[in-house]
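To keep things clear, I will list the structure first and then write my remarks on it.
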Amino acid sequence: MEKKNLDWSNLGFGYMKTDKRYVANYTNGAWGKGELIEDDMIVMSEDAGVLQYSQSVFEGLKAYTTKDGHIVTFRPDLNAQRMVDSAKRLEMPPYPVEDFIDGVRKVVAANAAWVPPYGTGATLYIRPYMFGINPVIGVKPADDYHFRIFVTPVGPYFKGGAKPIYVKVSDFDRAAPHGTGNIKAGLNYAMSLHAIVTAHEEGFAENIYLDPATRSKVEETGGANILFIDADDHLVVPKSDSILPSITRRSLVYVAEHYLGMTVDERPVYWKEVQEGNFKECGLCGTAAVISPIGKIYDHGKDIEFASGMEDIGPFMGKLRSTLTGIQDGEIEAPEGWIDHIM
Ligand SMILES: *Cc1c(COP(=O)(O)O)cnc(C)c1O
């Protein structure tokens, strides 16, 4: 198969129309059979449920070219299950896990020419999503839904890849207690946009959100979980019901314990601990960025600096990152069931 003629090593994180997408429709109370189509446009009612009341959930995962030239995805079963959980919370009919995994395989295989070659730093981003599509004007869940997966080749999420970023602690909230912070829904992102635009204007790469109820505990950023390394070299992972259960984070916890012999503490992390300098490294994690090290956090007029600094990723975050990307690239043996071999 001939690859598309793209400048793979210089791709940004943006959308590019690829050849095929996978779609399925839910009508008359049942999911229809999924299929690959070419049309990238969606025609719907001006009163579609998603346009009125934002009934929409999504996922994000990637396909990688391994060192020996195969195309694989990473733990798609966890994305499928998380989308089931997200759908249920928004009163949407879950898309079956098996069909989700099958859809991912089909759409990646159909767009194999768009999967960036090994060693370019680029990957194929896979975006499954579903939304209410029939007319809804009284407030209630839609009756009909559209499920779709498109793919687009992407470079690193943050320019500079593993270069430390400067972030701020936000005065806005991301997710209410007992709200929707633990599901992957577009609505959580809509309300984070003002905060992220403001942070960018002020020169920060991202926002760190605290728990809205007490503003004393670390939650996450708009689209990534947060990790710390403490003075005892433990990986410390904030725990809260309103944090999105990141698959990257769950995988890194496993990698820390089983590949790197580290101790992992999953517990509430107080902002005071961060302010007092109890952590020597900090990073964001998610599919898009894997790990982005945080060098400094702006906290109301003061900078909290991590020992790892603004030049390079720290030793622990570096090791975690290279081990996980090694597993994804097929350079390091993966735990059973983590890699879905597509072709
Ligand atoms: C998608 C997402 C993450 C990262 O999850 P991964 O499964 O690791 O990609 C973290 N936080 C939020 C709010 C997200 O939407």
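Both ligands and their constituent atoms are indexed starting at 1 by order of listing.
With Glu59 as reference, Arg82 is the one residue of Arg75, Lys184, Arg82 to meet the salt bridge (Lys or Arg N to Asp or Glu O under 4.0 Å) rule.
We find that Lys168 and Glu202 are joined by a salt bridge, their nearest charged nitrogen and carboxylate oxygen being less than 4.0 Å apart. Contact check on Arg267 versus Glu273 returns a salt bridge, with a Lys/Arg side-chain nitrogen under 4.0 Å from an Asp/Glu carboxylate oxygen. A salt bridge does not link Asp102 with Lys33: every distance from a Lys NZ or Arg NE/NH1/NH2 to an Asp or Glu carboxylate oxygen is 4.0 Å or more.
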Under 3.5 Å: N or O atoms of ligand 1 paired with protein N or O:
| unit_1 | atom_1 | unit_2 | atom_2 | d |
| --- | --- | --- | --- | --- |
| ligand 1 | 7 (O) | Arg82 | NH1 | 2.8 |
| ligand 1 | 7 (O) | Arg82 | NH2 | 3.1 |
| ligand 1 | 7 (O) | Ile247 | N | 2.8 |
| ligand 1 | 8 (O) | Ser246 | OG | 2.5 |
| ligand 1 | 8 (O) | Ile247 | N | 3.3 |
| ligand 1 | 8 (O) | Thr248 | N | 2.9 |
| ligand 1 | 8 (O) | Thr248 | OG1 | 2.6 |
| ligand 1 | 9 (O) | Thr287 | N | 2.9 |
| ligand 1 | 9 (O) | Thr287 | OG1 | 2.6 |
| ligand 1 | 11 (N) | Glu220 | OE1 | 2.6 |
| ligand 1 | 11 (N) | Ala224 | N | 3.4 |
| ligand 1 | 15 (O) | Lys184 | NZ | 2.7 |
| ligand 1 | 15 (O) | Tyr189 | OH | 2.4 |

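You'll find the ring centres of Tyr125 and Phe13 inside the 6.0 Å limit.
Between Asp47 and Ser45, the side chains place no donor N or O within less than 3.5 Å of an acceptor N or O (distance only, hydrogens not considered).
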